[in-house]
Amino acid sequence: MKDLSIGLEGVVVAETELSHVDGLEGQLLIRGQCVEAIAGNLTFEECAALLWTGSTSPDFREKLGRSRFQAWHQLSRQPQLLTLHNPMDAIRGFVGGFDATGDLFEDALTVTGAIPVMVAAWSRRKNGEDPIEPDPRASHAEDFLQMIRNKSANESKIAALDAYLVTVIDHSLNASTFAARVVASTRSDLISAITAAIGALKGPLHGGAPGPVLDMLDEVGEPHRAHGWVRAELDKGNRIMGMGHRIYRVRDPRALVLERCIDRMSTSSETAERIKLAKAVESAALKELAIRKPDRKLCANVEFYTAVLLEAVGLPRNLFSPTFAVGRVAGWCAHVMEEQRCGKLIRPTAKYVGPRP
Ligand code: COA
């Protein structure tokens with residue numbers, strides 16, 4: 001048997017043309033382009049089309065709008081999903097309930113349109129309000145905000161959310177994408193693969209840090225308290241949320257993209273204070289972690305500024321993980337298409353350590 005690699009760390013199991021993460025250089029490529037170059041320049045719809053087909057397609061916005069509208073009509077078939085405690089369970093149940101047509105592109109449109117519709121409907125029902133019908137003519141980001149808040153958001157917030165969805169659209173073989181590829185490698189259908197990916201994303205080690213980042217900012221309260229708070233937290237042996245990454249040894253490039261989006265957003269004075277506080281906490285954490293862990297560079301990851309951005313666009317923190325799924329689902333679908341095109345059944349081996357007869 002070959003060497004054991006618990007957690008498959010560093011093991012290459014597939015070839016992909018979709019995205020590449022260079023953890024030492026701090027670079028994320030999406031179909032050959034740096035994430036900094038596409039977030040804010042390509043819309044979510046264009047970027048999804050780029051991942052699925054290799055080029056941005058002008059009619060994709062309309063197709064996705066239609067798909068949100070079709071998803072809306074499926075909502076009434078599963079009303080119990082709107083009452084579930086965790087919105088990730090609601091989207092997993094909703095996506096899992098669709099018929100798989102076997103046409104990868106059609107099924108990809110179905111799930112990509114379905115997730116924001118369910119997240120928004122779940123959120124409204126949680127607040128005792130009626131779900132809002134999607135507007136198929138709106139952009140994906142605009143419609144998502146509108147379905148949640150029942151009013152149109154200002155342009156800068158729509159643009160920030162759109163850039164966020166592009167920033168998180170794909171990130172190589174993370175756990176949820178790998179889960180989707182494992183299912184696709186058995187030649188199962190796309191609906192099943194995406195249902196598995198949602199299950200993987202639900203775990204707190206994957207998509208769950210932005211909520212705790214805001215909890216941390218709430219606790220710190222004022223920028224001048226950042227240093228003392230970080231020191232005390234590390235003295236207690238706790239981790240600083242939104243810092244560190246399995247692959248990046250420099251600052252996560254997505255943190256910079258999101259930070260720029262926030263800076264460009266016309267924000268309330270409350271948000272401006274929040275940003276000041278976040279920057280003070282990041283800088284304190286960076287300094288203190290460099291002293292305490294000099295051999296392992298721990299910098300801000302994507303979750304740090306995700307928290308600040310999603311709060312600034314007006315989303316409540318219980319929607320942060322499912323909003324991540326609104327963006328990442330396009331990457332999952334692209335990986336399922338690629339896996340079905342050129343993959344091989346993924347079937348690793350375990351080292352048996354149990355008793356023998
Ligand atoms: N705060 C304090 N110390 C941290 C840290 C953080 N955020 N992240 C890592 N470390 C320390 C660990 O305590 C460990 O120290 P040790 O070697 O003295 O035990 C060392 O750095 C390596 O940590 P490890 O857990 O082995 O690294 P990993 O690559 O498996 O972990 C994360 C990556 C993201 C899970 C980790 O950095 C973390 O927990 N970050 C906070 C949660 C977070 O932001 N998650 C979102 C990720 S996108």
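Counting starts at 1 for both ligands and their atoms, in listed order. Bear in mind that the values here come from a model prediction, so they are computed numbers and not experimental data. This chain uses plain numbering: 1 for the first residue, then up along the sequence.
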Any N/O pair Arg249/ligand 1 closer than 3.5 Å = no
Ligand 1 to Asn238 polar contact by distance, N or O atoms, under 3.5 Å = no
Assess whether atom CZ of Arg137 is packed by more than 12 heavy atoms of other residues, nucleotides or ligands within 6.0 Å.
-> no
Closest heavy-atom approach to atom 43 (C) of ligand 1 among Asn301, Asp252, Val213 is made by Asn301
Here the atoms of ligand 1 under 4.0 Å from any heavy atom belonging to Gly244 are 34 (C), 37 (O)
Determine, considering heavy atoms only, which of Glu9, Arg254, Arg239 sits nearest to atom 23 (O) of ligand 1.
-> Arg239
Shortest heavy-atom approach to atom 10 (N) of ligand 1 - which of Asn174, Leu298, Val302 | Leu298
Taking only residues two or more places apart in sequence, or in another chain, which ones meet Ile240 in a side chain to side chain contact (heavy atoms under 4.5 Å, CB included)?
-> Met216, Trp229, Val230, Glu233, Leu234, Met243, Ala285
Just wondering, more than 12 heavy atoms not from Glu222 lying within 6.0 Å of its CD?
-> no
Decide, yes or no, whether a salt bridge links Arg317 with Asp218 under the criterion of side-chain N to carboxylate O below 4.0 Å.
-> yes
Is there a side chain to side chain contact (heavy atoms under 4.5 Å, CB included) between Cys299 and Asp252 once you walk through the steps?
-> CA-CA 7 Å; Cys299 307; Asp252 185 331; over 6 Å; no
Contact atoms of ligand 1, heavy-atom distance to Gly242 under 4.0 Å | 43 (C), 44 (O)
Hey, looking at atom 18 (O) of ligand 1, which of Lys293, Arg292, Lys297 has the closest heavy atom?
-> Lys293
State the atoms of ligand 1, each with its element, that fall below the 4.0 Å cut-off from a heavy-atom position in Arg246.
-> 28 (P), 29 (O), 30 (O), 33 (C)
Does an N or O anywhere in Glu303 fall below 3.5 Å from an N or O of ligand 1?
-> no
Ligand 1 contacted by Ile247 (non-hydrogen, < 4.0 Å) | no
From Glu288, Arg296, His245 - option closest to atom 28 (P) of ligand 1 by heavy atom = Arg296
Less than 4.0 Å between a side-chain N and a carboxylate O, is that true for Glu142 and Lys157?
-> no
Please indicate whether any nitrogen or oxygen in Leu289 is less than 3.5 Å from any nitrogen or oxygen in ligand 1.
-> no
State whether Arg246 and Glu9 are salt-bridged, where the test is any N-O pair (Lys NZ or Arg NE/NH1/NH2 against Asp/Glu carboxylate O) under 4.0 Å.
-> yes
Counting heavy atoms not belonging to Glu129, are there more than 12 under 6.0 Å from its CD?
-> yes
For ligand 1, which atoms have a heavy atom of Leu234 less than 4.0 angstrom away?
-> 2 (C)
Indicate yes or no: does Lys202 engage Asp89 in a salt bridge with an N to O separation below 4.0 Å.
-> yes
Can you find an N or O of Met243 that's nearer than 3.5 Å to an N or O of ligand 1?
-> yes
Heavy atoms from other residues, nucleotides or ligands near CD of Gln80 exceed 12 (cutoff 6.0 Å) = yes
